[in-house]
2 protein chains.
Amino acid sequence: MNKRKATTLKEIAKKLDISISTASRALNNHPDISDATKEKVQQLAEKLHYSPNLFAQGFRTQRSHILGVIVPNIAHYFTSTILKGILKEAETKGYKVIVSESNNNENKQSEMLRTMSQFGVDGILLALSRKTTSVDSILNTLDTVPLVLFDKVSHKIPCTQVVVDEEIAAFNAIEHLINTGKKRIAIIKETENSFNSEKRFAGYLRALKEHNIEVDKKIILSTEDVSLYKGRMMTNILLSLKERPDAIFAITDTAAIGAIKALHKYNIKIPEEIAVVGFSNSIHATIIQPSLTTVDQPGEKIGKTAVMYLIKEIESNKNEITTKTVTVKTHLIVRDSSFKV
Amino acid sequence: MNKRKATTLKEIAKKLDISISTASRALNNHPDISDATKEKVQQLAEKLHYSPNLFAQGFRTQRSHILGVIVPNIAHYFTSTILKGILKEAETKGYKVIVSESNNNENKQSEMLRTMSQFGVDGILLALSRKTTSVDSILNTLDTVPLVLFDKVSHKIPCTQVVVDEEIAAFNAIEHLINTGKKRIAIIKETENSFNSEKRFAGYLRALKEHNIEVDKKIILSTEDVSLYKGRMMTNILLSLKERPDAIFAITDTAAIGAIKALHKYNIKIPEEIAVVGFSNSIHATIIQPSLTTVDQPGEKIGKTAVMYLIKEIESNKNEITTKTVTVKTHLIVRDSSFKV
DNA sequence: AAAACCTATTCAAACGTTTGCGGGAATAAT
DNA sequence: ATTATTCCCGCAAACGTTTGAATAGGTTTT
């Protein structure tokens, strides 16, 4: 690599026998510059493949045109879908995106927030790591650089948050089960302080209430991590009950798939005996047999809107923190695990 | 956000009544500086949460400590696994990573290479977009900035490349099938100029040859995109043959799953009647029934080694292009679709 | 004809860091 | 005592860009 040095403003200025400042202003379309010289400069710049030295520019303006993204796990399908949306929108708005994984480690998350802000990103997009207990570091970076939360959020942090209509989604899912004649609907959820899980649980409760179905705590199961394995274990528990449920709503697709596997083992007919509904519309949903009814979350849209709000906040350089929750709509995808045609 | 300005070298220097340059050198552990002052400076820097202005630094040194990554599709599981490795290794080496998606669009890929190099990344990691025909733009950026290819590579580009032992992996997969008694092994592969597919095909051929099995072109099927749908279609074709195969090797897990679905439809016993082997060890492999025998590609390791080589190239600022192919080992994971215990 | 006002341009400073060079003080060699 | 050497440190330039202020020339207003 011969690192042929890039053309600079100075060279352009010299060739056209004008000052560096006019060259700069001409390229930035400054009103003070005559159309004639603007034309000249822009043409020469084009010809010499001029592109501003991003460091000099960023150094001068303190704007990097870089967005930082921190997610718990990049290999999670839904997350990568969001990332897709983020990348796309950022690109069209002229921003680059640097991404980091917190691996659900709160300390690492704090560390990353710090290094990103001192790195000079213009804004940060953050999906909270599981069990983020101390929001101090986040509040800290919040008064250094604009930040918007998405997917995994917390109302303890005053900033704009982009989420999915978890409660309504869960409500619709449960109502769908009720409409297919199910009356005893179990739920596999996360333990307490998962924002998403609690919202979905609320939707579950509301649906039961509106349809006058009494809640039975025996079929409300909680677990630390809603994995495939835990999905199996939980349904094993459900199957051991005297009164088995006739449907299972798992807070997560992987848990739902675990449930299906457990039901398979006991040769229980899905959905006739027990229906299963998941949440996320993961890629597995159509792989598993029977195909899984689940809630589709528009990942790309989430990413896109998160970027939109972040950039809006960046470019209106008001120093006030806007705290606003944007909700993106989901929709239920009915497949064989809950209703066969 | 009050944008409380960061502490600068000047402030540290003033407080300690030394010059800016000594402060700088003290922090960079320059031999000219006495241990005493180094100590002083570093302590104060720590106390004031000093962190160098990355722009000024990058501006001065023309080093950004940013790596650029371009992949066809970030939501592809294997890709995101590689990314994981990249992020991890880059972080430990003190680099940030900006990522872009080419969406398998060659023009976009070129565009991204250009903007990344003019953006000032220190190096680029690239997984070629499908059907990259013109390598000109790549050769162009290659003499501006160090570049290493991974996963989707091309020998037309003189640079270090990190790949998987595709040929051996395929060979082992086929040999495994032969060892289980299969004699008529079909392959579902990609059409021509996919580097990966051709390598795997070569392994297939070699395995047959070494075991004195004649190749039958009727059971060698090619397709443009090895999707689930195409996997189904191809196996439908295979099932319509007078002489059906007794095993199917699909170049890709998704196609293998398509094959399994097709076999299910015709109630063909897997693996007794027809065995199936895939490639990639996607997350689906254990979801599908029967679980899929497949080749595990160590994504994280690929990402990690790619970063290692790239950084090595960056930091030894020899201006020569090193062209070297690093091969990462895979291993076959035998599951129910090829061999039941 | 002087004053006021545009218009198009240039000057020069500034952003924070790194680094070649020079120099003073202390120590060692002659 | 003089010279050479070593050890620390400061000076000042430089990187490329943006931008407030100044300026020159030209036009309009009084």
Side-chain angles (χ1 to χ4, degrees), chain A residues 3-42 44-45 48-66 94 117-120 122 144 315 317, chain B residues 3-42 44-45 48-66 94 117-120 122 144 315 317:
Chain A
K3 275 281 184 186
R4 49 148 192 258
K5 68 189 180 334
T7 56
T8 122
L9 270 189
K10 201 197 290 186
E11 294 171 22
I12 292 184
K14 193 175 291 177
K15 283 209 176 156
L16 262 52
D17 202 37
I18 57 177
S19 77
I20 295 176
S21 22
T22 39
S24 170
R25 281 190 246 257
L27 288 172
N28 292 334
N29 208 27
H30 192 285
D32 271 5
I33 306 297
S34 72
D35 292 347
T37 46
K38 271 181 192 171
E39 188 74 8
K40 265 196 315 186
V41 173
Q42 282 164 5
L44 184 60
L48 299 182
H49 300 110
Y50 168 78
S51 75
N53 179 318
L54 274 291
F55 288 114
Q57 211 167 40
F59 175 43
R60 182 59 228 260
T61 61
Q62 294 298 351
R63 285 277 309 279
S64 61
H65 288 267
I66 300 179
S117 106
Q118 81 180 211
F119 185 80
D122 286 349
T144 301
E315 299 191 342
N317 36 19
Chain B
K3 275 282 185 186
R4 47 145 198 260
K5 65 189 184 332
T7 58
T8 119
L9 270 189
K10 201 196 292 185
E11 295 172 20
I12 292 184
K14 192 175 293 177
K15 283 209 176 156
L16 261 53
D17 202 36
I18 57 177
S19 77
I20 296 177
S21 24
T22 40
S24 169
R25 280 188 250 254
L27 288 171
N28 293 334
N29 208 27
H30 193 284
D32 270 6
I33 306 298
S34 71
D35 291 348
T37 47
K38 271 183 193 170
E39 188 73 11
K40 265 197 313 183
V41 174
Q42 282 165 3
L44 184 60
L48 299 182
H49 301 108
Y50 168 79
S51 76
N53 178 316
L54 274 292
F55 288 114
Q57 208 169 40
F59 175 43
R60 181 61 227 261
T61 60
Q62 293 298 349
R63 286 276 309 278
S64 61
H65 288 268
I66 300 179
S117 105
Q118 82 178 213
F119 185 81
D122 286 348
T144 300
E315 300 191 341
N317 36 17

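A, B, ... follow the sequence lines: proteins, then strands. Residue 1 opens every chain.
Judged by distance alone, with hydrogens and angles left aside, the side-chain atoms of A:S24 form no donor-acceptor pair with the main-chain N or O of A:I20 at under 3.5 Å. Distance alone, capped at 3.5 Å, places no donor-acceptor pair between the B:K38 side chain and the B:N28 backbone.
Atom-to-atom distance recorded for B:R25:CZ and B:S19:OG is 7.5 Å, nearest 0.5 angstrom. Residue B:Q42 holds its CD atom at 6.5 Å from CG of B:N29, rounded to the nearest 0.5 Å. Interatomic distance, CD1 of B:I12 versus NZ of B:K40, reported as 12.0 Å (0.5 Å rounding). Taken to the nearest 0.5 Å, the OG atom of B:S64 stands 10.5 Å off from the CZ atom of B:F55. A:F119 contributes atom CZ, which lies 5.0 Å from atom CD1 of A:I66 (distance to the nearest 0.5 angstrom).
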Go through A:Y50 and A:L9 one step at a time and tell me if the side-chain contact (heavy atoms from CB on, under 4.5 Å) criterion holds. CA-CA 8 Å; A:Y50 168 78; A:L9 270 189; 3.5 Å; yes
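For B:K10 and D:dG10, the NZ to P distance is 16 Å, given to the nearest whole Å. Across the protein-nucleic acid pair, B:I12 atom CD1 and C:dT17 atom P stand 8 Å apart, rounded to whole Å. Regarding B:H30, its NE2 atom lies at a distance of 12 Å from the C1' atom of D:dC7, rounded to whole Å. Counting to the nearest Å, the P atom of D:dT19 and the CZ atom of A:R63 are 11 Å from each other. Rounded to a whole Å, the CD1 atom of A:I33 is 18 Å from the P atom of C:dC6. The distance from atom CG of A:D17 to atom P of C:dT10 is 8 Å, rounded to the nearest whole Å. As rounded to whole Å, 15 Å separates atom C1' of C:dT10 from atom CG of A:L9. Rounded to an integer number of Å, the gap from B:N28 CG to C:dG20 P is 13 Å.
At a threshold of 4.0 angstrom between heavy atoms, the contacts of B:T61 are confined to the sugar-phosphate backbone, with no base atom among them. The residue B:S24 sits close to a base: some heavy atom pair falls under 4.0 Å. Base engagement by A:T22 is indicated by at least one non-hydrogen atom pair under 4.0 Å involving a base atom. Counting non-hydrogen atoms under 4.0 angstrom, A:I20 reaches a base of the nucleic acid.
For A:R25 against D:dT17, a side-chain-to-base donor-acceptor contact under 3.5 Å is absent.
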Going 5' to 3' through nucleotides 22-28 of chain D, assign each nucleotide B (protein heavy atom under 4.0 Å from a base atom), S (under 4.0 Å only from sugar-phosphate atoms) or - (no protein heavy atom that close). -------
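Within the structure, a side-chain polar atom (N or O) of B:T37 is placed less than 4.0 Å from OP1 or OP2 of D:dC9. For the pair B:T8 and C:dG16, the criterion of a side-chain N or O lying under 4.0 Å from OP1 or OP2 is not met. For C:dT9, the OP1/OP2 oxygens have no side-chain nitrogen or oxygen of A:S21 closer than 4.0 Å.
For D:dC15, the base is not stacked against the aromatic ring of A:F55, per a cut-off of 5.5 Å between centres and 30° between planes. With its ring centre under 5.5 Å from that of the base six-membered ring and a plane angle below 30°, A:F59 counts as stacked on C:dC15.
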